[in-house]
Asks: 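Can you read through this structure? Questions will come right after.
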Amino acid sequence: MRKIYPLALLVATGAMLVVTSVPLRASETDDRIESSAKKSHVFETYLKDDVITLRSKDGIVTLMGTVAEGSHKSLAQDTVEGLPGVKSVDNELKVKGEAHAEHSDGWLSTKVKTTLLFHRNVSASGTDVHVKDGIVSLRGEASSQAQKELTTEYAKDVDGVKDVKNEMTVARTPAHPAETIGEKIDDASITAQVKSSLLSHRSTSALKTKVSTADGVVTLSGIAKNDAEKSLVTKLVTDIDGVKSVINKMTVEAAVSQNQSPPRPPQSLRVVTK
């Protein structure tokens, strides 16, 4: 018995170490998820004024608190879903205040601002957006005529916008292109920005596009109606902050028969540099 007892004790102790090591690793993963979310570009830039509590348990993340806009709720979820180790997200965030009715002037104003927000070749902060009876008025200063025209095109591509009056002035001295900050934006934030942007644009909002990002390179998959639609998605995503390049693996629906007229391509959006 004296020989067996120490051996049994060692076996039992070893079993305890194996059992307890699993929760420790899971806890480390949960801590990393929570830390990565809080340090992400999206949380530090776009959601910094929202009150968000994030808890991760075995890779299942719960989001609680309040956000200023409905778009912030989905933006937070898309960002967290893109983090390594996340299995699912329970989004319990509440929108603070009264939500605007769909296609109302307030709703359109928010959509236009969101559309401009993540694109690097326009300036959301330098563009004032006013909406009256579905007609969007843009004011502020554009760095170039090309930026002014692109801002108009992006605003027109918001579902529900009837017309756009661009009253922006053009700077006398063109601004020098800002240095890229792609390396400073994490992949999860880039993925979230791409998803939000595609939903904001009328031409791409109905597309079921899968988005993944690795080291700033965005890979797209899904189905496009035609080559023009696929090309448009590539152009829009290329203009997102932090994106280094785009790999578009979207498949195009079967071509129409020769007896049918080809489908009209979505509204043309010209992506130009400042």
Asks: Is it the case that one hydrophobic cluster holds both L47 and V86, taking links as side-chain heavy atoms less than 4.5 Å apart, direct or via other members?
Replies: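 Yes.
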Asks: Closest approach of A155 and V161, non-hydrogen atoms and distance?
Replies: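 Scanning both residues, the minimum pair turns out to be O-CG2, 3.6 Å.
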Asks: Using every non-hydrogen atom in the two residues, find where Q193 and L75 come nearest and quote the distance to one decimal.
Replies: N-CD1, 4.4 Å
Asks: Under a 4.5 Å cut-off applied to non-hydrogen side-chain atoms, are S197 and H119 in contact?
Replies: yes
Asks: Testing D50, V67, L63 for side chain to side chain contact (heavy atoms under 4.5 Å, CB included) with K73, which one passes?
Replies: V67
Asks: Any chance the side chains of Y154 and D239 put a donor and an acceptor closer than 3.5 Å?
Replies: yes
Asks: Report yes if the side chains of E229 and L207 come closer than 4.5 Å at any heavy-atom pair, otherwise no.
Replies: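 Contact flag for E229/L207 side chains = yes.
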Asks: Might you point out which heavy atoms bring V129 and S109 nearest each other, and give the distance in Å?
Replies: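 So the two residues come closest at O-OG, 3.9 Å.
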Asks: Taking only Lys NZ, Arg NE, NH1 and NH2, and the carboxylate oxygens of Asp or Glu, determine whether E167 and R139 approach each other closer than 4.0 Å.
Replies: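 Salt bridge present between E167 and R139.
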Asks: Could you work out, with side-chain hydrogen bond (donor to acceptor under 3.5 Å, both in side chains) as the rule, every residue matching S189, not counting sequence neighbours?
Replies: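 Only D186 meet the side-chain hydrogen bond (donor to acceptor under 3.5 Å, both in side chains) criterion with S189.
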Asks: What are the two closest non-hydrogen atoms of I52 and T66, and how far apart are they?
Replies: CG1-O, 4.4 Å
Asks: Can you tell me how far NZ of K195 sits from NZ of K210, rounded to the nearest 0.5 angstrom?
Replies: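 If I round to the nearest 0.5 Å, the distance is 10.5 Å.
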Asks: Is the shortest side-chain heavy-atom distance between T127 and M168 below 4.5 Å?
Replies: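 Touching, per the 4.5 Å side-chain cut-off.
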Asks: More than 12 foreign heavy atoms under 6.0 Å from CD1 of I223: is that the case here?
Replies: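 Not more than 12 within 6.0 Å, no.
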Asks: For the residue pair G216 and I190, what are the closest heavy atoms and their distance?
Replies: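 In this case the closest contact between G216 and I190 is CA-CD1, 3.9 Å.
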Asks: Scan the side chains in residues 245-252 for donor-acceptor partners under 3.5 Å anywhere in the protein, sequence neighbours excluded, and list what turns up.
Replies:
unit_1	atom_1	unit_2	atom_2	d
N248	OD1	M250	N	2.9
N248	ND2	K230	O	3.1
N248	ND2	T234	OG1	2.8
T251	OG1	G222	O	3.3

Asks: Between L232 and S203, what is the shortest heavy-atom contact and its length?
Replies: CD2-CB, 3.4 Å
Asks: Quick one: does N166's side chain get under 4.5 Å of K148's, heavy atoms only?
Replies: yes
Asks: Under the side-chain hydrogen bond (donor to acceptor under 3.5 Å, both in side chains) rule, what do T213 and T191 come out as? Steps first, then yes or no, please.
Replies: CA-CA 6 Å; T213 308; T191 296; 2.7 Å; yes
Asks: So, T115 versus H201: side-chain donor-acceptor pair below 3.5 Å or not?
Replies: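 Side chains of T115 and H201: no pair found under 3.5 Å.
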Asks: Which residue pairs satisfy the ring pair (Phe, Tyr, Trp, His ring centres under 6.0 Å) criterion with at least one member in residues 46-76, sequence neighbours excluded?
Replies: H41-Y46, Y46-F118
